[in-house]
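Convention: sequence-line order gives letters A, B, ...; per-chain numbering from 1. Values below: every heavy atom of this structure, side chains too, minus hydrogens, waters and symmetry copies.
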2 protein chains.
Amino acid sequence: MPQEVGKQYSALLQKYIQHEDETDLYAAQQVSRKFIEKKISPEEVISLHKTSVEEIFPELAVKIGPSYDFLIEVMIHYGLALMEHQSLIRKQE
Amino acid sequence: MPQEVGKQYSALLQKYIQHEDETDLYAAQQVSRKFIEKKISPEEVISLHKTSVEEIFPELAVKIGPSYDFLIEVMIHYGLALMEHQSLIRKQE
């Protein structure tokens, strides 16, 4: 995960949590496109999201941390399905 | 999202949060396989996860809810990439 993209994600998430402005959700979709281009897996995104939320709400880290670990496990298979997709696309090119 | 699968997810997540037992993470991976088979999108999983976490920690719902809404937006593109994958597989069959 490139550090710059991670920082951009955290900053955007913090901004959204503060103002709940719809335009930041649109920006989230753009970031997401960039993630997929850079072949960042969905479980890496959840991991980044966990770190970002824990930075924004440090007092909740112990309480909600394990729920994210669970979600990361769940997303691993989605990541595998996507990798399979990217390899199919390469074969067709 | 079939109701039964949703209930199974919530129960498993709650169990993992209580005991942080590695075997529940293994069960999470099995649930995840079932989700993919049933063509449940990653954003639907995040939405289910949000509901489950809010049931487990109702006092945190207002505080952490928006962070999940943001994550759902981010996952929408991953869902689209997967749908494209499933349609490629159908074409090859």
Side-chain angles (χ1 to χ4, degrees), chain A residues 9 12-22 24-37 40-43 45-46 48-50 52-53 56-57 59-60 63-89 91-92, chain B residues 9 12-22 24-37 40-43 45-46 48-50 52-53 56-57 59-60 63-89 91-92:
Chain A
Y9 185 91
L12 203 57
L13 175 62
Q14 180 145 26
K15 202 164 153 239
Y16 178 69
I17 287 175
Q18 282 168 348
H19 309 290
E20 289 185 45
D21 184 339
E22 289 282 316
D24 292 327
L25 287 186
Y26 178 73
Q29 290 188 15
Q30 305 305 312
V31 169
S32 163
R33 277 209 192 94
K34 215 185 277 177
F35 283 170
I36 293 174
E37 273 169 29
I40 292 168
S41 68
E43 66 270 25
V45 176
I46 308 295
L48 168 62
H49 186 84
K50 177 190 179 188
S52 306
V53 169
I56 298 168
F57 302 119
E59 73 285 7
L60 301 182
K63 207 163 185 176
I64 61 172
S67 71
Y68 282 110
D69 297 333
F70 186 90
L71 188 57
I72 287 168
E73 286 296 321
V74 170
M75 280 298 141
I76 285 173
H77 280 282
Y78 282 88
L80 290 173
L82 255 180
M83 268 171 60
E84 202 189 320
H85 169 56
Q86 281 152 352
S87 112
L88 266 180
I89 297 228
K91 274 186 198 160
Q92 290 188 336
Chain B
Y9 185 91
L12 203 58
L13 176 62
Q14 181 145 24
K15 203 164 152 239
Y16 178 68
I17 287 175
Q18 281 167 350
H19 308 290
E20 288 184 46
D21 185 340
E22 290 281 318
D24 292 328
L25 286 187
Y26 179 72
Q29 290 187 15
Q30 305 305 312
V31 170
S32 162
R33 276 206 193 97
K34 214 184 280 178
F35 283 169
I36 294 175
E37 273 168 29
I40 293 169
S41 68
E43 65 270 25
V45 176
I46 309 294
L48 168 62
H49 186 85
K50 177 190 179 188
S52 305
V53 169
I56 299 168
F57 301 119
E59 75 284 7
L60 300 183
K63 208 164 185 176
I64 62 172
S67 71
Y68 282 110
D69 298 333
F70 187 89
L71 188 57
I72 288 167
E73 286 296 321
V74 170
M75 280 297 142
I76 285 172
H77 280 282
Y78 281 88
L80 291 173
L82 256 181
M83 268 171 60
E84 202 189 319
H85 169 56
Q86 282 152 351
S87 115
L88 266 180
I89 297 233
K91 274 186 199 160
Q92 290 189 336

Okay, A:Q29 and chain B: the region with an atom under 4.5 Å from a heavy atom over there is both

Here the pair of heavy atoms bringing B:D24 nearest to A:F70 is O-CE1, 4.0 Å

Whatever's closer than 4.5 Å to a heavy atom in chain A on B:Q14 counts as neither

Cut-off 4.5 Å, heavy atoms of chain B, and the answer for A:H77 is both

Rounded to the nearest 0.5 angstrom, the CG-CZ distance for A:L80 and B:R33 is 8.5 Å

Between B:P66 and A:Y16 the two heavy atoms that sit nearest each other are O-CE2, 3.3 Å

Note: A:L82 and B:Y78 closest approach over all heavy atoms is CD1-CD2, 3.2 Å

Whatever's closer than 4.5 Å to a heavy atom in chain B on A:V31 counts as neither

If one checks every heavy atom of A:Q30 against chain B at 4.5 Å, the contacting part turns out to be neither

Correct closest heavy-atom pair for A:L71 and B:I46 would be CD2-CD1, 3.9 Å

Scanning both residues in full, the closest heavy-atom pair of B:I17 with A:S67 reads CD1-CB, 3.7 Å

Per-residue tally against chain A (heavy atom, under 4.5 Å) across B:V45, B:L13, B:I56, B:D69 peaks at B:L13

With sequence neighbours left out, the residues meeting salt bridge (charged side-chain N to carboxylate O under 4.0 Å, His left out) with A:E59 are B:K63

Open item on the list: Contact between B:M75 and A:P42 at the side-chain level, heavy atoms closer than 4.5 Å - yes or no?
Closed with: yes

Okay, A:S87 and chain B: the region with an atom under 4.5 Å from a heavy atom over there is neither

If one checks every heavy atom of A:L48 against chain B at 4.5 Å, the contacting part turns out to be neither

Can the ring centroids of B:Y68 and A:Y68 be said to lie less than 6.0 angstrom from one another? yes

Turns out that what part of A:F35 lies under 4.5 Å from chain B's heavy atoms comes down to both

Honestly, the part of A:L60 sitting under 4.5 Å from a heavy atom of chain B is side chain

